[in-house]
Amino acid sequence: MNSFKINVLVIIILLLTAASCKKEENATSNPYIGKWESAASENLGNGTYGVRVFNFTEDSWEIKFTLYLDSLRSMPVFTFRGVGAYTIEGDSENLSNTKNAIFYFDKKYVTLLTQDEAVINNFGFNSCNLTFSIEKDISTTGCSFLESKSACSQEYDILKLENNFLYLGARPSTGNMCAPERRPNEFFYPLQKI
């Protein structure tokens, strides 16, 4: 093999190695990338429980939140799903080892998981034209307390990694997280990587 071919081969190997290192560096530079799920049923009060599943890529996120009427998750009511881009803004001014983040909504969906009319009415879903177990895009219309994209196109949140668990902010007891002043100052239940 002549020296020209060897030099070209060496350059190709170096380029591939550099690209591989860059890819690995990008994957580790964002420790939130991956799928995270509630470590246990989350007691929301008033006899309701939630399970959250977050999926982060380099430039997008997805949340699936399912509400249940029992901790064993045998009585689901609905699943909310939101997708969009996100921004990690930097360190929190109020909490140590915590990042401020904004989660943008490109789309919002809801899936009705109960056929109990009393429960449907209680949650205000009776006027949303939902079909049992069929996901519906509510981005433009909203549905009951689930706001439309125009009413809330982003949420201001916090992120913290600790002992291999991911923590996001605790939602306010009233209102939403759609404005910077609504950003939480305390954490919700932990999420584990799956």
Side-chain angles (χ1 to χ4, degrees), residues 31-56 61-84 86 92 94-103 105 108-128 130 132-133 135-136 138 142-148 151-152 154-194:
Y32 311 110
I33 290 176
K35 200 168 193 177
W36 302 83
E37 183 177 26
S38 300
S41 296
E42 300 168 346
N43 187 345
L44 306 175
N46 300 323
T48 62
Y49 298 82
V51 172
R52 295 170 296 150
V53 178
F54 282 87
N55 191 14
F56 292 101
W61 76 293
E62 176 186 56
I63 170 71
K64 286 184 181 177
F65 167 79
T66 303
L67 185 126
Y68 298 87
L69 298 180
D70 66 321
S71 63
L72 298 177
R73 307 179 196 175
S74 65
M75 295 186 290
V77 177
F78 71 93
T79 293
F80 168 81
R81 184 168 73 92
V83 295
Y86 69 100
S92 167
N94 303 316
L95 300 163
S96 62
N97 302 317
T98 301
K99 299 289 184 188
N100 286 334
I102 303 175
F103 295 105
F105 291 105
K108 296 181 177 187
Y109 304 90
V110 66
T111 305
L112 184 65
L113 300 175
T114 182
Q115 296 184 72
D116 184 319
E117 290 297 327
V119 172
I120 293 169
N121 291 337
N122 189 45
F123 279 87
F125 292 153
N126 49 325
S127 61
C128 297
L130 301 176
F132 176 73
S133 79
E135 183 176 73
K136 181 177 181 179
I138 59 165
C143 176
S144 185
F145 55 89
L146 302 171
E147 297 171 306
S148 67
C152 182
Q154 74 283 314
E155 288 191 338
Y156 293 82
D157 210 336
I158 50 177
L159 293 167
K160 181 176 185 174
L161 279 172
E162 187 174 74
N163 299 324
N164 297 318
F165 288 103
L166 175 63
Y167 294 84
L168 282 90
R171 299 190 71 79
S173 58
T174 60
N176 55 43
M177 296 163 45
C178 303
E181 63 272 14
R182 303 289 296 169
R183 189 187 303 272
N185 283 312
E186 58 185 11
F187 296 102
F188 202 52
Y189 294 100
L191 302 166
Q192 59 191 1
K193 203 162 196 178
I194 55 172

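- The backbone N or O of C128 lies less than 3.5 Å from a partner atom in the side chain of K136, making a donor-acceptor pair.
- Atoms CG and OH, from D157 and Y167 in turn, are 14.5 Å apart once rounded to the nearest 0.5 Å.
- With contacts defined as side-chain heavy-atom distances shorter than 4.5 Å, the pair S38/L191 qualifies.
- One N or O on the side chain of Q154 and one on the backbone of C178 form a donor-acceptor pair closer than 3.5 Å.
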- Message: If you apply the rule side-chain contact (heavy atoms from CB on, under 4.5 Å), what do you find for R52 with I63, and how did you get there?
- Response: CA-CA 7 Å; R52 295 170 296 150; I63 170 71; 4.1 Å; yes
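- Between the side chain of N55 and the main chain of E62, no donor-acceptor pair closer than 3.5 Å is present.
- Proximity of F54 to L166: side-chain heavy atoms (C-beta onward) are nowhere separated by under 4.5 Å.
- Under the 3.5 Å distance criterion, with hydrogens and angles disregarded, a donor-acceptor pair is assigned to the side chains of R73 and S41.
- Here T79 contributes atom OG1 and F65 contributes atom CZ; the two are 8.5 Å apart, rounded to the nearest 0.5 Å.
- Here E135 contributes atom CD and L112 contributes atom CG; the two are 12.5 Å apart, rounded to the nearest 0.5 Å.
- Here the CE-SG distance, from M177 to C152, works out to 9.0 Å after rounding to the nearest 0.5 Å.
- Looking at heavy atoms from C-beta onward, I158 lies in side-chain contact with R183 at the 4.5 angstrom threshold.
- Side chains of F188 and L44 form a contact here, defined as non-hydrogen atoms less than 4.5 Å apart.
- Judged purely by atom type and a 3.5 angstrom limit, K193 uses its side chain to pair as donor or acceptor with the backbone of I33.
- Of the candidates L146, L67, T66, F80 forms a side chain to side chain contact (heavy atoms under 4.5 Å, CB included) with just one, namely L146.
- Between L130 and F78 there is no side-chain heavy-atom pair separated by less than 4.5 Å.
- Within the model, atoms CZ of R81 and NZ of K108 stand 13.5 Å from one another, a figure rounded to the nearest 0.5 Å.
- Looking at N121, its side chain does come within 3.5 Å of a backbone N or O of E117 through a donor-acceptor pair.
- Considering every non-hydrogen atom in both P172 and N176, the closest pair reads CG-O, 3.7 Å.
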- Task: Determine, step by step, whether R171 and E155 satisfy the salt bridge (charged side-chain N to carboxylate O under 4.0 Å, His left out) criterion, reporting the C-alpha distance in whole Å, the side-chain angles of both residues, the deciding distance to 0.1 Å, and the verdict.
- Result: CA-CA 10 Å; R171 299 190 71 79; E155 288 191 338; 2.7 Å; yes
- CA sep, side-chain torsions, deciding dist, call: L113, Y68, side-chain contact (heavy atoms from CB on, under 4.5 Å): CA-CA 9 Å; L113 300 175; Y68 298 87; over 6 Å; no
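- Once rounded to the nearest 0.5 Å, the distance linking CG of L72 with OH of Y49 reads 9.0 Å.
- Under 3.5 Å, the side chains of N97 and E162 contain no donor-acceptor pair of N or O atoms.
- Note: W61 and F103 have tilted aromatic rings, judged against thresholds of 30 and 60 degrees for the angle between ring planes.
- Among L159, N185, T98, the one residue that satisfies the side chain to side chain contact (heavy atoms under 4.5 Å, CB included) test with S92 is T98.
- Y156 contributes no side-chain N or O that, together with a main-chain N or O of N100, makes up a donor-acceptor pair within less than 3.5 Å.
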